[in-house]
Amino acid sequence: MWKYLFCVLALVALSQCAPVDEEEDDCKKPVNCVSNPLEIAFVVDASNSIYAENFTMGLEFLEDFVDIFDISETAVRVSVVTYGHVVYVNEAFGFSTYQSKDALKEAISDIPYSGGLSTNTSGGIWYMLRSQIPQARPDVRKVA
């Protein structure tokens, strides 16, 4: 399932990406990608409804997803917020926090599974819209 979700999300985000070379696989994921500026915001469920194993699999998906982009101050930037019964603002990071692919992937892999008695999806989306999207570059496409 993650493979197909990855393909769909990649197609949406890759509308801002000019492929240089392609390798043959199910998604036709570009090997080299010259990224147009793009802001990508992830809202990640870290509640008890997502078991720790699935949460880890989701983080691995995020790492694979950002791996195809040129992560930098002038190209693609990423923000992440997690939520459970509350929004975990101490684990959230904005678009300007990580300006290299390696630092971003390490930060994603370090996001803790916090759990929570309920699933406050609306709180996570609200935080992203009110706190992270306003930090995005004004003339750059946003994908959330």
Side-chain angles (χ1 to χ4, degrees), residues 1-20 25-144:
M1 180 177 118
W2 287 108
K3 182 177 184 180
Y4 298 110
L5 179 60
F6 176 80
C7 290
V8 170
L9 289 174
L11 289 174
V12 170
L14 287 176
S15 66
Q16 291 297 303
C17 182
V20 177
D25 68 11
D26 293 331
C27 294
K28 297 191 189 275
K29 179 177 96 175
V31 174
N32 297 310
C33 181
V34 180
S35 300
N36 291 326
L38 181 66
E39 306 284 48
I40 304 174
F42 291 105
V43 180
V44 180
D45 186 349
S47 71
N48 285 336
S49 65
I50 304 296
Y51 296 110
E53 179 180 305
N54 292 333
F55 179 77
T56 300
M57 195 170 17
L59 294 183
E60 291 168 357
F61 163 78
L62 292 183
E63 288 181 66
D64 290 344
F65 185 78
V66 301
D67 202 34
I68 64 174
F69 294 101
D70 173 19
I71 304 296
S72 72
E73 185 177 331
T74 58
V76 176
R77 303 189 317 166
V78 175
S79 71
V80 175
V81 62
T82 59
Y83 64 91
H85 65 286
V86 297
V87 176
Y88 302 117
V89 296
N90 292 334
E91 283 91 38
F93 55 84
F95 295 111
S96 62
T97 307
Y98 298 102
Q99 300 302 317
S100 76
K101 188 180 298 186
D102 290 339
L104 175 61
K105 289 174 67 175
E106 183 176 336
I108 290 169
S109 70
D110 288 343
I111 295 172
Y113 174 67
S114 301
L117 301 176
S118 61
T119 305
N120 187 6
T121 307
S122 63
I125 294 170
W126 184 88
Y127 181 85
M128 180 263 301
L129 290 172
R130 301 289 185 222
S131 298
Q132 293 179 324
I133 293 297
Q135 298 173 12
R137 295 169 285 180
D139 297 332
V140 173
R141 186 176 204 177
K142 294 141 191 79
V143 177

Spacing of CG belonging to Asp45 relative to CG belonging to Asn120, to within rounding of 0.5 Å: 10.0 Å
Under the side chain to side chain contact (heavy atoms under 4.5 Å, CB included) test, residues paired with Thr74 that sit two or more places apart: Ser72
Whether Lys101 side chain and Ile68 backbone form a donor-acceptor pair below 3.5 Å: no
Heavy-atom pair with the smallest gap, counting every atom of Glu106 and Ser109: O-OG, 2.8 Å
Considering all heavy atoms, the nearest Val80-Gln132 contact: O-NE2, 3.2 Å
Results of side chain to side chain contact (heavy atoms under 4.5 Å, CB included) for Ala41 - residues two or more places apart only: Ser79, Phe95, Met128, Ile133, Ala144
Flag side-chain contact, heavy atom, 4.5 Å: Ile40 against Phe69: yes
More than 12 heavy atoms from other groups under 6.0 Å of CD on Gln135: yes
Steps toward side-chain contact (heavy atoms from CB on, under 4.5 Å) verdict (Ile71, Val76): CA-CA 5 Å; Ile71 304 296; Val76 176; 3.9 Å; yes
Side-chain H-bond candidate by donor/acceptor type, Ser49 with Ser47, under 3.5 Å: yes
From Leu62 atom CG to Asp67 atom CG, the distance as rounded to the nearest 0.5 Å: 12.0 Å
Rounded distance [0.5 Å steps], CG in Asp110 versus CZ in Phe93: 9.5 Å
Distance, nearest 0.5 Å, that separates OG of Ser114 from OH of Tyr83: 12.5 Å
From CG (Leu38) to CZ (Arg77), nearest 0.5 Å: 10.5 Å
Main-chain N/O of Val140 paired to Glu39 side chain as donor or acceptor, under 3.5 Å: no
Heavy-atom closest contact (Ile111 atom, Leu59 atom, distance): O-CD1, 3.5 Å
Where Ala46 and Thr82 come nearest, the two heavy atoms and their spacing: CB-CB, 4.1 Å
Heavy atoms from other residues, nucleotides or ligands near CD of Gln99 exceed 12 (cutoff 6.0 Å): yes
Within-4.5 Å side-chain heavy-atom neighbours: Val66 and Phe42: yes
Closest non-hydrogen atom pair between Gly116 and His85, with its separation: CA-ND1, 3.3 Å
Aromatic ring pairing Phe55/Tyr113, orientation class (parallel under 30°, perpendicular over 60°, tilted between): tilted
Reported OH-to-OH distance for the pair Tyr88 and Tyr127, which is rounded to 0.5 angstrom: 14.0 Å
Validation row: Thr56, Glu53 side chains within 4.5 angstrom (heavy atoms): no
Nearest heavy-atom neighbours spanning Ala92 and Val81: CB-CG2, 3.9 Å
